[in-house]
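Residue numbering restarts at 1 for every chain, and letters A, B, ... go by the order of the sequence lines. Quantities reported herein were computed from a predicted structural model and do not represent experimental measurements.
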There are 2 protein chains.
Amino acid sequence: ALGGVASLMFGASFAQSDHSAVENKGAETPSAVAVVPSDVPMRERMTRMVRDTQAAITQAISEIDGTPFREDEWQRPGGGGGWSRVLQDGNVFEKAGVNVSVVYGTMAPAAVREMNSRGKNLDASGPLPFFAVGISLVIHPHNPMVPTVHCNYRYFETMDKEGKPVSWWFGGGADLTPSYLFEEDAVHFHRVHKEACDRADPTFYTRFKKWCDKYFVIEHRKESRGVGGIFFDDLDEKDPDTLFAFVKDCADAFLKAYIPIVLARKDLPFTPEQKIWQQVRRGRYVEFNLVYDRGTKFGLQSHGRIESILMSLPLTARWMYDHHPEPGSPEDKLLQVLKNPRDWVS
Amino acid sequence: ALGGVASLMFGASFAQSDHSAVENKGAETPSAVAVVPSDVPMRERMTRMVRDTQAAITQAISEIDGTPFREDEWQRPGGGGGWSRVLQDGNVFEKAGVNVSVVYGTMAPAAVREMNSRGKNLDASGPLPFFAVGISLVIHPHNPMVPTVHCNYRYFETMDKEGKPVSWWFGGGADLTPSYLFEEDAVHFHRVHKEACDRADPTFYTRFKKWCDKYFVIEHRKESRGVGGIFFDDLDEKDPDTLFAFVKDCADAFLKAYIPIVLARKDLPFTPEQKIWQQVRRGRYVEFNLVYDRGTKFGLQSHGRIESILMSLPLTARWMYDHHPEPGSPEDKLLQVLKNPRDWVS
């Protein structure tokens with residue numbers, strides 16, 4: 001499965017793209033991560049892991065929808081590239097984008113200083129060699145009773161001139177964005193992620209749940225994007241093997257956390273008014289991603305592949321002037337939770 | 001008509017809002033600017049002018065649509081407030097928002113330094129008293145053959161502790177955003193604005209047309225938002241009376257520039273595919289406004305009234321993955337012009 005990555009990392013062509021419909025390409029083990037010996041470099045173990053996770057998730061989503069994903073392999077002019085898989089206007093899903101990227105090159109001192117400003121201590125005296133690998137996905141369903149979901153897991157390394165790792169960390173998380181609140185869905189999503197956290201460290205869930213609530217806020221609306229989940233960044237407080245196992249565990253948790261919710265809600269009836277409310281919430285999703293999301297902003301500024309960066313945007317969205325749900329309505333009930341994040345599991 | 005402004009400027013209540021359907025409230029002369037003696041302070045002359053312009057434009061749009069605008073009067077906690085007029089989901093227009101704001105207070109040194117970074121020389125040693133008045137509008141029609149339009153005219157003053165003006169300038173412009181290119185519409189829109197520019201200064205049109213092309217660019221797409229128009233800021237190179245007359249002339253030009261285009265295109269037939277392309281272009285409009293537009297970013301950061309700031313967003317928008325029109329198609333013809341801005345009048 002790594003042939004593509006290797007050719008991509010050392011290939012000379014720029015920003016090319018070829019696409020084809022795929023069910024499950026580029027991974028031998030769609031539903032479980034291949035056992036990779038721990039003497040294999042972390043960048044390679046992480047690459048295999050996210051690529052296998054991409055295969056497993058796209059297969060599961062594709063089976064529910066009855067529609068294959070399309071895959072685009074792309075290359076980044078500065079070094080590396082990735083695979084974007086998209087299912088658009090399917091039977092169950094309006095838009096599902098699952099992206100893996102493996103990029104490397106040198107970071108400008110300005111970008112290094114920005115990283116240092118959030119607590120890093122990297123060498124900003126000149127261009128800094130780096131390597132980054134990650135999976136990122138957003139799934140927007142048609143039915144307003146099925147929540148939108150996002151997850152992202154990534155590994156970052158900086159190197160000296162000989163290519164030896166100097167600094168490394170993991171980041172990621174998963175969060176749920178319903179238009180209509182089913183409390184048991186929020187509880188289930190949080191519980192599955194809490195279990196993955198608890199297996200690694202008893203403090204992780206509480207810390208990363210709070211971090212998620214703090215990060216996914218639409219500041220100008222004074223409301224959260226959704227009912228949260230977990231979020232972490234700059235994670236290097238344990239040895240790499242332990243943290244890799246934690247991140248893999250979280251990535252494996254995704255399908256367990258989301259699929260049962262989809263299956264329980266996808267055939268529920270809904271009214272045109274409920275569809276409109278979903279569209280209004282989609283507009284809020286766009287506001288968060290374009291105004292606040294670090295990954296989107298970094299991608300747009302660093303001339304990443306636009307289609308892969310903006311894959312997270314919904315197929316359709318709506319902005320109604322001064323729209324306020326009736327107090328006590330199901331729409332208002334969601335808003336109250338978005339304004340006052342709740343503890344879903346204890 | 002200034003009773004509302006006066007009560008607003010000296011009123012003590014915060015962020016209240018009351019709304020009612022209006023046809024033409026708060027202006028005695030809807031279709032022409034009242035003659036205000038030139039010994040009246042510029043802030044008051046400009047306030048009357050933009051309020052009268054708002055009345056004239058909403059009346060004209062409302063008559064074409066057959067739907068009244070709703071007006072919300074709002075107050076800004078830091079000082080001042082405004083009137084937002086909105087027509088949503090009408091017969092001809094999907095969403096039309098025409099906002100007047102009259103705000104004042106003190107700017108934080110950080111905001112002053114940001115203004116200085118674009119060439120100003122303001123006192124950043126402490127909070128700086130300011131006064132700002134402006135009109136801002138965006139109109140999104142239903143029919144994809146009718147272009148979206150935006151215009152904005154504003155006056156800004158900074159003062160010493162006694163309230164005497166220290167520095168002042170005008171800013172503004174108007175630009176057209178079609179989904180389908182009718183060259184004669186772009187020519188007409190530019191010609192009307194060129195005439196207003198030429199009456200003030202023979203260099204204005206060339207300079208402000210270029211400035212518009214440079215400002216309204218969706219950097220990450222490497223395409224313009226539309227076919228341009230005029231844009232200027234920090235304008236203080238002539239005496240205030242002359243520049244006020246110029247800005248008033250531009251504001252008067254708006255209806256002459258836009259209404260004939262609406263009337264010529266609003267009843268043209270269109271296909272579902274053409275509607276989808278319009279929705280994709282609406283998505284691009286959202287991208288520009290949320291990622292790049294100075295007014296929107298300033299408004300969101302400075303805790304302005306969210307509904308008035310985001311009034312510019314379309315009712316509906318769409319993001320299709322990796323969407324590219326067929327070479328040579330009408331959609332592609334528009335894209336080529338957005339990638340290579342053209343001179344419409346010479």
Side-chain angles (χ1 to χ4, degrees), chain A residues 17 19 69-72 74 84-89 94-97 99 138 140 218-223 276 279-280 282-293 296-324, chain B residues 17 19 69-72 74 84-89 94-97 99 138 140 218-223 276 279-280 282-293 296-324:
Chain A
S17 159
H19 36 84
F69 276 74
R70 151 186 168 178
E71 177 173 278
D72 288 319
W74 50 273
S84 295
R85 290 188 179 187
V86 180
L87 188 166
Q88 187 172 277
D89 214 359
E94 186 189 72
K95 199 165 159 195
N99 189 58
V138 176
H140 297 287
I218 306 167
E219 297 285 355
H220 59 267
R221 301 276 185 187
K222 295 181 177 56
E223 63 187 40
I276 284 178
Q279 294 294 297
V280 170
R282 293 265 201 269
R284 300 290 204 277
Y285 209 88
V286 172
E287 288 178 30
F288 178 83
N289 285 24
L290 292 183
V291 179
Y292 301 106
D293 186 60
T296 305
K297 285 167 86 169
F298 177 80
L300 295 182
Q301 285 163 10
S302 65
H303 309 292
R305 181 175 180 259
I306 296 304
E307 294 301 331
S308 298
I309 298 163
L310 298 183
M311 225 162 67
S312 65
L313 300 180
L315 185 61
T316 57
R318 192 173 177 90
W319 281 269
M320 295 170 81
Y321 176 73
D322 209 23
H323 183 275
H324 303 286
Chain B
S17 158
H19 36 83
F69 275 75
R70 151 186 170 177
E71 178 173 277
D72 288 319
W74 50 272
S84 295
R85 291 189 179 186
V86 180
L87 189 166
Q88 186 171 279
D89 214 358
E94 185 187 83
K95 198 164 159 197
N99 189 57
V138 176
H140 297 286
I218 306 167
E219 297 285 354
H220 58 268
R221 301 276 185 187
K222 294 182 177 55
E223 62 186 40
I276 284 179
Q279 293 294 298
V280 170
R282 293 264 201 271
R284 300 290 204 275
Y285 208 89
V286 172
E287 288 178 28
F288 179 84
N289 286 26
L290 292 183
V291 179
Y292 301 107
D293 187 59
T296 305
K297 285 167 87 168
F298 177 80
L300 295 182
Q301 284 163 9
S302 65
H303 309 291
R305 181 175 179 260
I306 295 305
E307 293 302 331
S308 299
I309 298 163
L310 298 183
M311 226 163 68
S312 64
L313 300 181
L315 186 59
T316 56
R318 191 174 178 90
W319 281 269
M320 295 170 81
Y321 176 73
D322 208 24
H323 183 274
H324 303 286

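Of the possible polar contacts, one joining the B/Glu307 side chain to the A/Asp322 backbone as a donor-acceptor pair under 3.5 Å is found.
In this structure, chain A has no heavy atom under 4.5 Å from any part of B/Glu219. For a residue to count as touching a neighbouring chain, one of its non-hydrogen atoms must lie under 4.5 Å from one of that chain's; by this rule A/Leu290 touches chain B with backbone and side chain alike. Contact annotation for A/Lys95: only side-chain heavy atoms (C-beta onward) come within less than 4.5 Å of a heavy atom of chain B.
When the candidates B/Val280, B/Val86, B/Val291 are compared by the number of heavy-atom contacts under 4.5 Å with chain A, B/Val86 comes out ahead. Your options are A/Ile309, A/Leu313, A/Thr296, A/Asp89, and the one with the most heavy-atom pairs under 4.5 Å with chain B is A/Leu313. The residue among B/Met311, B/Glu287, B/His323, B/Met320 with the most heavy atom pairs within less than 4.5 Å of chain A is B/Met320.
B/Leu315 has its side chain out of reach of B/His140: every pair of non-hydrogen atoms, C-beta onward, lies at least 4.5 Å apart. Taking 4.5 Å as the limit, every side-chain heavy atom of A/Arg282 sits out of range of all side-chain heavy atoms of B/Trp319. The shortest distance between side-chain heavy atoms of A/Arg318 and A/Thr316 does not fall below 4.5 Å.
Residues A/Ser84 and A/Arg305 share a closest heavy-atom pair of OG-NH1, 3.6 Å.
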